[in-house]
Amino acid sequence: MKEYNPKEIEDKWQKEWEKSGIYKIDDNSDNPKYYSLIEFPYPSGDGLHVGHPRPYIGLDIVSRKRRMQGYNVLYPIGWDAFGLPTENYAIKTGKNPRKVTKENTDTFKRQIQSLGISFDWSREINTTDPKYYKWTQWIFLKFLEHGLAYKAKMPINWCPKDKIGLANEEVVDGKCERCGMEVVQKEKEQWMLAITKYADKLLSGLDTVDYPERVKIQQRNWIGKSEGAEISFEVDKSESLKVFTTRPDTIFGATFLVVAGKVDRFTGKYAINPATEEKIPVWEAEYVLADYGTGAIMGVPADDERDMEFAKKNNLPIVTEYKKAGFEDFGTKVVKYKLRDWVFSRQRYWGEPIPVVHCDKCGTVPLPESELPLLLPEVKNYQPTDTGESPLATIEEWVNTTCPTCGGMAKRETDTMPNWAGSSWYFLAYLFNKEGFEGPVSIENWKLQIKNFRHFMPVDWYNGGMEHTVLHLLYSRFWNKFLFDIGLVPASEPYKKRTSHGIILAEGGEKMSKSKGNVINPDSIVERFGADTLRLYEMFMGPFEQAIEWNESSLIGPRRFLERVWKLKEKLALTKSSDVSFGKHDQTSLDKVFPFATTLLNQTIKKVSEDIETLGFNTAISTLMIFANDLDRREKVFKEDYETLLKLLAPFAPHMTEEIWSGLGHTSSIHREQWPEFDETKLVSDEVIIVVQVNGKVRGQFSALSSINEKDAVGVAKNLLEIQKWIGDKTVQKSVYVPAKLVNFVTD
RNA sequence: GCCGGAGUGGCGGAAUGGUAGACGCGCACGACUCAAAAUCGUGUUCCGAAAGGGGUGGAGGUUCGAGUCCUCUCUCCGGCACCA
């Protein structure tokens, strides 16, 4: 018989699947939809490492199971391709980032495709494609139109040596990531998105979605809502100083006020405490933050550790027992958030150009829809300019333009969008039909897509990294909620369910990185073991949500398992309905001949089905191993049992199961078979082992019918020799019976 | 400091309050082989020759029975961090 040769099988079926298009979504299907989503990758120059596919494989298993359950499944992928590493590489080498991106995505695509993940490649998107980013620009214009995009002077991170503005990600411990120079703050006009206007909606929406609790907590903390009161303190009878406090009830204990370092107008003056009507001093200190609340607080040393410390240090009065005030006795109820508006511009080349012009006469003017996409022009030098402006600022023929409103001279905005922009709506981009996506940017065209949105949104299951909890996940919820409010998407929350995968660490527990030289490339694993083994190993190595070390020597286990399933073909002899050796048996009587086998089959179907839903891929696989081992121990294997094993294994090892399936004479794909169902009545076998304890310690066991009643079970247990020995001449005070499982005798 | 999560064999890890260590790796022995690899079989928590006893970071508690529930505590990982 033919040996298991993964390379041959995998190549063959990947081509076959592509040809038949079995993973494509069916736009005309009446079946219920299922939208599975993974965070689309950033195609870095380092290529794929074994950590990348973990989430893809996880949701691939879910998606494949859903197809077998009859769902019309959309499982798409694309490229989040704008970003700094590509730009830095372009600066260093002078290579065109567009070209670099193309090379990188080609590599990533080849690598991902070699793993047999059931992505619908016909829906592939790329955020750097003008056909894509024209819509990103259009959504920005919508924000502008609704007053949620605005310009403000903001400090940016500035490296005085490299003379460039740095993204937050490029600042490590307050120093420039490249040269190690101390980063300074420089004031610059920035585009902002008013995410704070959505703080309450982003918060309350969390109650309606199925996210891990820790994700919800992190988002809540990040939004940082606190309810308190603003209280005005009269200063010099002419002016008043407003403070924010969550404890207005402690105002009788306020013995001083503190303003943030930069708000020094009141420093050294006195204010009147409206509760005590006493004069209290106004101090200035760094522990009060200028950009939170009102930038001023009332000092209540008895109630706040920091106030206490400050009071002691500066010999300020401390009042310990004071009267409690009502919440609004002296102030007004207000709500404050830690969340800040989103700094939305970058002084960088490799991003979406912000589609506005600056006209001396008309001010900031948005480009009309008809001028989208505003293409990113070719430049010779990708290095940011001396003034900290984007390299786009040096291209005069691009910068100088005419105002769309008055036709006069105008200059283009030269800042670009952050790389969070394209990923804030990509789950919608997958739903566009091709004509719409490539067609004109207009509200009419978008509205033609809404029926697709209505059909597929929200995303049913979204898996991604914990590191994106307060960035991408929050940003994309914000964009979706905005689009929902202006009637352009049907669901207020984009993702119904969110899960997170743990990262795969290098052997030794460090993160995999090119600089450490510890990256494992999946190509070499696929070459040596096959994609099915890699898939199985990544799911089997440990709990999906937990970070875990790569361990090369453990790969052989899943491979052996696949070999074993492969060889089981040889034992295939009978179908349960055949009358060759058992005469005219129906299935029921065969179940009587093989009661344990029937129980195990049903338990396996149940456990694997349930584990896939709860990310318990590791235990699902061990259950399949137990079942396969059991079949292997039998003289003959029934076709029904074997085919059930293959179907349950198909989402995990799609190539090998497809090969065996077709070898068994089936002409259609196993991945379109119906997912096995279990018989609730056959989960417990008729015969069971009952454990007997004396005082909680296991001392014996016996086998019995599972229907045995308490009286009989206790009776049998008590008469066991080893139990007699342990009870001896002690009195049994009490016996505990757990049906069909355990008897425990309690003695004096 | 605050908020999450986790501590179980040589290793990765299983266990609706009911036989702790499933499944896999590794290791040992055996079969096959001239031999090796592969494969198959048996064994593998610790102490002990055995009988038996101990054992899920530590200390208590609840319970007939605790890895699981409660109290205290130690360590590690992740997030936020002077947010009034």
Roughly how many Å apart are G41(B) and U62(B), using the P atom of each and rounding to a whole number?
48 Å
Between G55(B) and C40(B), how far is it from one C1' atom to the other, in whole Å?
34 Å
Remember a base hit wins even if backbone is also touched, and classify Leu289(A) as base, sugar-phosphate or nothing at under 4.0 Å, heavy atoms.
base
Can you pull out every ring pair (Phe, Tyr, Trp, His ring centres under 6.0 Å) where at least one residue sits in residues 525-557 of chain A? Sequence neighbours excluded, please.
Tyr537(A)-Trp550(A), Phe544(A)-Phe617(A)
How would you list all residue pairs meeting ring pair (Phe, Tyr, Trp, His ring centres under 6.0 Å) that involve residues 287-324 of chain A, not counting sequence neighbours?
Phe256(A)-Phe310(A), Trp283(A)-Phe310(A), Tyr287(A)-Phe310(A)
Each nucleotide in nucleotides 12-25 of chain B should get exactly one letter: B, S or -. Can you fill that in based on protein heavy atoms under 4.0 Å?
BSSSB-BB--BBSS
Between C74(B) and G58(B) - P atom distance, rounded Å:
15 Å
What's the CD1-P distance between Ile223(A) and C80(B), to the nearest Å?
14 Å
When the P atoms of A84(B) and G61(B) are compared, how many Å lie between them, rounded to an integer?
41 Å
If you look only at pairs with a residue in residues 499-511 of chain A, which of them pass as a salt bridge (Lys or Arg N to Asp or Glu O under 4.0 Å), with sequence neighbours excluded?
none
Cationic N near anionic O, under 4.0 Å, Asp632(A) to Lys567(A):
no
Syn if the chi torsion is within 90° of 0, anti otherwise; quick check, which is G61(B)?
anti
What side chain to side chain donor-acceptor pair (under 3.5 Å) pairs are there with at least one residue in residues 739-748 of chain A, not counting sequence neighbours?
Asn695(A)-Thr747(A), Thr731(A)-Asp748(A)
Provide the distance between the two P atoms, one in U45(B) and one in G21(B), to the nearest whole Å.
9 Å
Do Glu570(A) and Lys636(A) sit within salt-bridge range, that is, some charged N less than 4.0 Å from a carboxylate O?
no
At under 4.0 Å between heavy atoms, what does Val300(A) touch on the DNA or RNA strands: base, sugar-phosphate, or nothing?
nothing
By the side chain to side chain donor-acceptor pair (under 3.5 Å) test, which pairs, at least two apart or in different chains, include something from residues 605-628 of chain A?
Lys65(A)-Glu613(A), Arg66(A)-Glu613(A), Lys606(A)-Glu610(A), Lys607(A)-Asp611(A), Ser609(A)-Trp675(A), Asp611(A)-Thr619(A)
Considering only atom C1', compute the distance from G13(B) to C2(B) and round it to an integer number of Å.
32 Å
Between Thr469(A) and G79(B), does any side-chain N or O lie under 4.0 Å from OP1 or OP2?
no
Scoring nucleotides 44-50 of chain B by protein non-hydrogen atoms under 4.0 Å (B base, S sugar-phosphate only, - none) yields -------
Rounding to an integer number of angstrom, what distance separates G60(B) and C27(B) when you compare their C1' atoms?
39 Å
Do the side chains of Lys242(A) and Glu230(A) get close enough for a salt bridge, i.e. N-O under 4.0 angstrom?
yes
On the nucleotide A84(B), are OP1 or OP2 found under 4.0 Å from the side-chain N or O atoms that Tyr287(A) carries?
no
Tell me whether Lys497(A) forms a cation-pi arrangement with Tyr211(A), defined as NZ or CZ under 6.0 Å from the six-membered ring centre and within 45 degrees of its axis.
no
Non-neighbouring partners of Ala653(A) that pass side chain to side chain contact (heavy atoms under 4.5 Å, CB included), sequence neighbours left out
Asp532(A), Leu562(A), Leu649(A)
Side chains of Arg528(A) and Leu555(A): closer than 4.5 Å at any heavy-atom pair?
no
Distance, P atom - from A31(B) to G53(B), rounded to whole angstrom
37 Å
Partners meeting ring-ring contact (aromatic ring centres under 6.0 Å, His included) with His49(A) (sequence neighbours left out)
His52(A)
Has Lys336(A) got its NZ or CZ under 6.0 Å from the middle of the six-membered ring of Phe244(A), at an angle within 45 degrees of the ring axis?
yes
Can you list the residues that meet the side-chain hydrogen bond (donor to acceptor under 3.5 Å, both in side chains) rule with Asp304(A), with sequence neighbours excluded?
Arg306(A)
Taking only nitrogen or oxygen atoms into account, show me every contact under 3.5 Å that the protein makes with nucleotides 52-57 of chain B, one pair per line with its distance.
| unit_1 | atom_1 | unit_2 | atom_2 | d |
| --- | --- | --- | --- | --- |
| G52(B) | OP1 | Lys725(A) | NZ | 3.2 |
| G53(B) | OP1 | Arg699(A) | NH2 | 3.4 |
| G53(B) | OP2 | Arg699(A) | NH1 | 3.2 |
| G54(B) | OP2 | Lys697(A) | NZ | 3.4 |

Parsed dot-bracket for RNA chain B after applying the Watson-Crick and G-U rules with both distances under 3.5 Å and | for other-strand partners is (((((((..(((.....[....)))((((((.......))))))(((....)))..(((((..]....))))))))))))....
So that I can tick it off, tell me whether Asp303(A) and Arg247(A) are bridged by a salt bridge, with the cut-off set at under 4.0 angstrom between side-chain N and carboxylate O.
yes
Contacts of Ile217(A) and Ser226(A) projected onto RNA chain B by closest heavy atom; the upstream (5') one is Ile217(A)
